[in-house]
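Chain naming here is simple, since letters A, B, ... match the order of the sequence lines and numbering starts at 1 in each.
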Protein chains: 4
Amino acid sequence: MSDHDLKIDELIDGEDLTEKQRKIIISAIESFAEKGFSATSTSEIAKKAGVAEGTIFRHYKTKKDLLLAIVAPMMAKFVAPFFIKDLKKVLDQDYENVEDFLRAMLENRREFLIKNLATVKILVQEIPFHPELKDLFKEHIALKVYALFEKLVEHYQEKDQIIQIPAYSVFRMIFSSIFGYLIARYMIMPEADWDDEAETERTIQFIMHGLAGPNSSKK
Amino acid sequence: MSDHDLKIDELIDGEDLTEKQRKIIISAIESFAEKGFSATSTSEIAKKAGVAEGTIFRHYKTKKDLLLAIVAPMMAKFVAPFFIKDLKKVLDQDYENVEDFLRAMLENRREFLIKNLATVKILVQEIPFHPELKDLFKEHIALKVYALFEKLVEHYQEKDQIIQIPAYSVFRMIFSSIFGYLIARYMIMPEADWDDEAETERTIQFIMHGLAGPNSSKK
Amino acid sequence: MSDHDLKIDELIDGEDLTEKQRKIIISAIESFAEKGFSATSTSEIAKKAGVAEGTIFRHYKTKKDLLLAIVAPMMAKFVAPFFIKDLKKVLDQDYENVEDFLRAMLENRREFLIKNLATVKILVQEIPFHPELKDLFKEHIALKVYALFEKLVEHYQEKDQIIQIPAYSVFRMIFSSIFGYLIARYMIMPEADWDDEAETERTIQFIMHGLAGPNSSKK
Amino acid sequence: MSDHDLKIDELIDGEDLTEKQRKIIISAIESFAEKGFSATSTSEIAKKAGVAEGTIFRHYKTKKDLLLAIVAPMMAKFVAPFFIKDLKKVLDQDYENVEDFLRAMLENRREFLIKNLATVKILVQEIPFHPELKDLFKEHIALKVYALFEKLVEHYQEKDQIIQIPAYSVFRMIFSSIFGYLIARYMIMPEADWDDEAETERTIQFIMHGLAGPNSSKK
DNA sequence: AATGAATGAGTATTCATTCAT
DNA sequence: AATGAATGAATACTCATTCAT
């Protein structure tokens, strides 16, 4: 189910990193997530990674390069593949109805979030301050993901499973609901006592009925 | 409709601020929103405000105090009043159905966002890094707003306008949908060409049907 | 016995000081003694004195003027008078022998020290860094005190109570012994359990025998 | 005679210091001695040493650490060894009488002072403001030096060369007299025209007779 | 006489980055 | 590849002093 998600290690090992490089990346992820990019000093990262300050700059020309080295592959390797694989399944009738698709997507994103919590935090927090990140994000999400998603919506709209509203509105609503849930669950109130199964189901049903429109009970 | 929202100026003038103090606050809001709290230097704020750097510290003992002076009153003065006033209206039958209430709330928050865009950006971006902010937020939202909201949900659930699921789930879904919309509209893609009226309506309908559940067409 | 020593208050009231001025001086003495002149900030003094920062500078043009206002009168008013009065007594045969003179001087300086501990501390600590202070000190000690002291030594040398060595050597030895005692007693180890009477006597005897020379037992 | 005293250079080279570190220490000693610790700025030290200001903080985490790096080894390496070596000589009958011991000690401390004048000045001036320094000093002087000194006094008291008064009184008197002399000679009035040989002799004789008591001529 | 807001130079310390080893 | 000493600009914050009220 989540075989298309890689572990952090895989992310990092993907390119041939030295042991030191791995330690630097891991330390940087921890610190960036905890205190923010610009509140984290390179000397702090070096200390936590157990390497000399100079070593960081041997591998990453600037501190910002280090940030990009953490955040860019996440966008490149993980966001896109998911939708591409899953869209195929939808079109190939693997998911006969929206509900199954939503459930699959939610669980898939949940696993991704759990594995990449820190990195996602960094991404979300730093995007507003770094135009390059914004551009990277737009490129990956807007052009690759959203384009596919649009077809998917049309697919279900033809089957009358989704109300006739613009695809971008559907996208926004699904996105808001699923990520609203995951963010609350894993980033805002991870310490609360969640009944994951029930909450997931409610979220799916909320989206389902919301998108089905007034004739939802006809089904 | 939005007479209970104050302008930034009012916020700032609320307490007797000197002219210099006002300039400092305004400059700080601008810079914090644009580059983030810790990437903004006090010398930069001073320069932009046209005051000496020392002047900042005469009024705000630390840079963090300056942040709190910006963010704290927003939570104290704006978040709470809205719900308290509107809840009354609901219980006094001013809003006979959920739909009217949601619409009022969405418009009210929209106006608030438009007026306080920068400050809200700062709040959202800095909350993860400052436990005091998190605490302030919890205190205001969780204790004051959420408690009232719960009653409201029960009120509509008794009238069968909302499906029988836990209030916190309802809260999360409404919150996700409305703020998902507003954030996309004003913070992520403000430059896009939005049909506000239609989009608002779709969002309201999405929530309405989502919360009405399978029997929504009965109505 | 100590009627020629004035209290701090008198020192301060000597010149007509306003209430605020008095508080400033007292606060400054405390802080200068505790942390040193240059480690003490004027704002700190103002706070401790309960006055506005500007008030200090209304009375004392600079921080250094404040230091001088504390230290200068002590030298002017206290160091000189003592010796002048006591020298007269010696020459008038009030003290027939060295011993009585030494005892009187030690007790007199002890009282002075106890009353002006903080101010003396400041004087001692700051003299090395302020040439004006050094000059003031030399003027008072070297020219007034030492000159008189020289006569006194000669007086006792003529009476064969003091060995025939240069007056400045005698001065140095007496000074070292008495102030060595008082400094140890009141500044270095004030918390120790001192038998003042015995220790005073030992010090006097030490000086007496030291200055009497090899024939001291003849007496 | 003074082979157990090391030069500043040795002090500094003792631990492996880089060239820059040496320059920093030397500049700091000069400035601290001249203007006092807290009136000396790190930028001033850096400039005088010809290094970047940051370099100071690479080697000494804080300005105070720099002070301790200067003052602590002086206490550790120089104060203790002297007495230990010399005490042995006394007990081994190398110094048959007090006079020889005093003379040796005075000359030894004189050489030490001449070589370490600036550092001693710093120590003396800063001790009142830094409890850690006071503690270090007490540890070295009180526990190591004084304890040995006590035995020495008893040794001579048994031989009837020193009057029967408490060892701490003897200690104080010798200390006052010798350091009173050295301080006057090298720190207060170094510019005066001193006849060192005669003055030393007078000081020794003063102590000798002072401690011998009334029966001093019996000898 | 007294205030306290305002200043700009200065403070100790940290920063990201470079470079010789 | 890795180090860590070295840097100089930047950092948040403090300073003594001025001045309009």
Novice: Do the side chains of Ile45(D) and Val51(D) get nearer than 4.5 Å, heavy atoms only?
Specialist: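 A side-chain contact under 4.5 Å is absent here.
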Novice: I need the full list of ring-ring contact (aromatic ring centres under 6.0 Å, His included) pairs touching residues 39-71 of chain A, with sequence neighbours left out, sorted by first then second residue.
Specialist: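 Listed once each, the pairs would be none.
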Novice: What pattern of brackets, bars and dots sums up DNA chain F from 5' to 3', given Watson-Crick or G-U wobble pairs under 3.5 Å, [ ] for crossing pairs and | for another strand?
Specialist: .||||||||||||||||||||
Novice: Listed by chain and number, what are the ring pair (Phe, Tyr, Trp, His ring centres under 6.0 Å) partners of Phe32(C), not counting sequence neighbours?
Specialist: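 Ring pair (Phe, Tyr, Trp, His ring centres under 6.0 Å) list for Phe32(C), sorted by chain: Phe37(C).
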Novice: Walk along DNA chain F from 5' to 3' and tell me the first and last nucleotide with an atom closer than 4.0 Å to a non-hydrogen atom of chain D.
Specialist: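 Boundary nucleotides touching chain D, in 5' to 3' order, are dA5(F) to dG8(F).
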Novice: Any pair with a residue in residues 118-132 of chain B that passes salt bridge (charged side-chain N to carboxylate O under 4.0 Å, His left out), sequence neighbours left out, goes on the list, sorted by first then second residue, please.
Specialist: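 For residues 118-132 of chain B, and leaving out neighbouring residues, the salt bridge (charged side-chain N to carboxylate O under 4.0 Å, His left out) pairs sorted by first residue read Lys64(B)-Glu132(B).
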Novice: Using a strict heavy-atom distance below 4.0 Å, which residues from residues 48-67 of chain D are in contact with DNA chain E?
Specialist: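 Nucleic-acid contacts, sorted: Glu53(D), Gly54(D), Phe57(D), Thr62(D), Lys63(D).
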Novice: Do Leu136(B) and His140(B) come close enough that some side-chain heavy atom pair is under 4.5 Å?
Specialist: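 A side-chain contact under 4.5 Å exists here.
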Novice: Residues two or more places apart in sequence or in another chain: which of them pass side-chain hydrogen bond (donor to acceptor under 3.5 Å, both in side chains) with Glu30(D)?
Specialist: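 Checked Glu30(D) against side-chain hydrogen bond (donor to acceptor under 3.5 Å, both in side chains); zero matches.
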Novice: Would you kindly give the NZ-to-C1' distance between Lys47(B) and dA9(E), to the nearest whole Å?
Specialist: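 Rounded to whole Å, this separation is 14 Å.
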Novice: What is the nucleic acid contact for Thr42(B), judged by heavy atoms within less than 4.0 Å: base, sugar-phosphate only, or nothing?
Specialist: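 Base, at least one base atom sits under 4.0 Å.
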Novice: Suppose we screen for salt bridge (charged side-chain N to carboxylate O under 4.0 Å, His left out). Which residues come up paired with Lys61(B), at least two apart in sequence or across chains?
Specialist: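 Salt bridge (charged side-chain N to carboxylate O under 4.0 Å, His left out) list for Lys61(B), sorted by chain: empty.
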Novice: Taking the nucleotide of DNA chain F with the nearest heavy atom to each, does Ser41(C) or Thr18(A) sit closer to the 5' end?
Specialist: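 Closest to the 5' end, via its nearest nucleotide, is Thr18(A).
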Novice: Taking only residues two or more places apart in sequence, or in another chain, which ones meet Glu139(D) in a salt bridge (charged side-chain N to carboxylate O under 4.0 Å, His left out)?
Specialist: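 Residues passing salt bridge (charged side-chain N to carboxylate O under 4.0 Å, His left out) with Glu139(D): none at all.
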Novice: Could you list all the salt bridge (charged side-chain N to carboxylate O under 4.0 Å, His left out) pairs where at least one residue sits in residues 31-43 of chain D, not counting sequence neighbours?
Specialist: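 As it turns out, the salt bridge (charged side-chain N to carboxylate O under 4.0 Å, His left out) pairs with a partner in residues 31-43 of chain D, which skip direct neighbours, are Lys35(D)-Glu44(D).
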Novice: Residues two or more places apart in sequence or in another chain: which of them pass salt bridge (charged side-chain N to carboxylate O under 4.0 Å, His left out) with Lys134(B)?
Specialist: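 Testing Lys134(B) for salt bridge (charged side-chain N to carboxylate O under 4.0 Å, His left out), a comparison that skips the adjacent residues, returns none.
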Novice: Applying salt bridge (charged side-chain N to carboxylate O under 4.0 Å, His left out), name anything that partners Glu53(D), two or more places apart in sequence or on another chain.
Specialist: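 For Glu53(D) there are no salt bridge (charged side-chain N to carboxylate O under 4.0 Å, His left out) partners, ignoring immediate neighbours.
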Novice: When you match Glu44(D) and Glu19(B) each to their closest nucleotide on DNA chain E, which lands nearer the 5' end?
Specialist: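 Comparing both residues, the 5'-ward one is Glu19(B).
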Novice: Looking for any heavy atom pair under 4.0 Å, which part of the strands does Thr40(A) touch: base, sugar-phosphate only, or nothing?
Specialist: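 Sugar-phosphate contact only - Thr40(A) comes under 4.0 Å of backbone atoms but never of a base.
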Novice: Please state how far atom CD1 in Ile45(A) lies from atom P in dT14(E), giving the value in whole angstrom units.
Specialist: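 For the pair Ile45(A) CD1 and dT14(E) P, the rounded distance is 17 Å.
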